Amino acid sequence: MSTDTTAINREMRLFERESQLWLFGYGSLIYKADFAYLERRRAQVEGWTRRFWQGSHDHRGTPEAPGRVVTLIEMPGAVCVGAAYRITPEVFAHLDHREKNGYLRRRVTLGFADGTGAEGLVYIADPANAAYLGPAPEAAIARHIATAAGPSGPNRDYLLRLAEALRTLGADDPHVFAIERELLALDAGAAHGTPA
Ligand code: SIN
């Protein structure tokens with residue numbers, strides 16, 4: 001499967017007949033909303049967990065030296081907190097392009113803080129996509145992120161901005177925070193001349 005999922009997403013037409021819909025963001029879509037939206041809320045999805053297991057060829061790395069970004073992995077009992085945006089289908093062209101490196105539109109059930117729920121759309125890069133990197137120890141992921149960079153900037157900025165945005169949402173994410181701690185420890189080691 002090619003890494004460019006734009007055409008697949010366009011052909012699926014998921015949610016395109018709705019006049020408005022909820023988009024669930026769990027990665028850069030939390031801290032970088034470069035699209036029009038009507039409302040933003042904290043939301044969560046059940047049965048999915050956030051993992052730095054997806055390669056990035058176009059934003060935080062290159063095809064030759066991919067960065068690592070998040071995707072959602074199915075995990076019974078898990079809860080993933082993120083940001084839900086009420087959008088109109090006009091923003092699909094922008095979102096499909098932005099998420100083209102392996103992410104497919106999927107339908108999920110969102111839960112809101114007031115106890116209500118709604119069907120929504122999420123972009124997920126599943127293990128079958130060509131840019132998928134898969135699991136690695138969190139310390140190794142941090143070392144990888146420390147050196148990768150792409151057209152959207154250093155990979156470390158993605159990690160640090162996501163961790164900050166999750167704290168602002170009051171979301172606990174042991175995987176993201178462990179990788180952040182590892183990265184900051186690498187920085188501290190470098191500052192003190194500790195060999196990597
Ligand atoms: C998302 O943020 O919901 C998808 C992954 C990303 O763009 O970082």
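When a ligand or atom number is given, it counts from 1 through the structure's own listing order. A quick note: this is a predicted structure, and the numbers were derived from the prediction, not measured.
Residues meeting the side chain to side chain contact (heavy atoms under 4.5 Å, CB included) test with D58, sequence neighbours left out: S56, K100, N101.
In this structure, R105 forms a cation-pi arrangement with F92, its terminal cationic atom sitting closer than 6.0 Å to the ring centre and no more than 45° off the ring axis.
The ring of Y85 has its center closer than 6.0 angstrom to the ring center of Y37. The ring of F24 has its center no closer than 6.0 angstrom to the ring center of W48.
Neither side chain, N129 nor Y103, offers a donor N or O lying under 3.5 Å from an acceptor on the other. D34 and H94 share a side-chain donor-acceptor pair at under 3.5 Å.
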Identify all N/O pairs between ligand 1 and the protein with a separation under 3.5 Å and present them as a table of atom names and distances.
from: ligand 1; atom 1: 2 (O); to: G27; atom 2: N; distance (Å): 2.8
from: ligand 1; atom 1: 2 (O); to: S28; atom 2: N; distance (Å): 3.2
from: ligand 1; atom 1: 2 (O); to: L29; atom 2: N; distance (Å): 2.9
from: ligand 1; atom 1: 3 (O); to: Y26; atom 2: N; distance (Å): 3.0
from: ligand 1; atom 1: 7 (O); to: S28; atom 2: OG; distance (Å): 2.9
from: ligand 1; atom 1: 7 (O); to: E99; atom 2: OE1; distance (Å): 2.9
from: ligand 1; atom 1: 7 (O); to: E99; atom 2: OE2; distance (Å): 2.9
from: ligand 1; atom 1: 8 (O); to: S28; atom 2: N; distance (Å): 2.8
from: ligand 1; atom 1: 8 (O); to: S28; atom 2: OG; distance (Å): 3.0
from: ligand 1; atom 1: 8 (O); to: Y158; atom 2: OH; distance (Å): 2.5

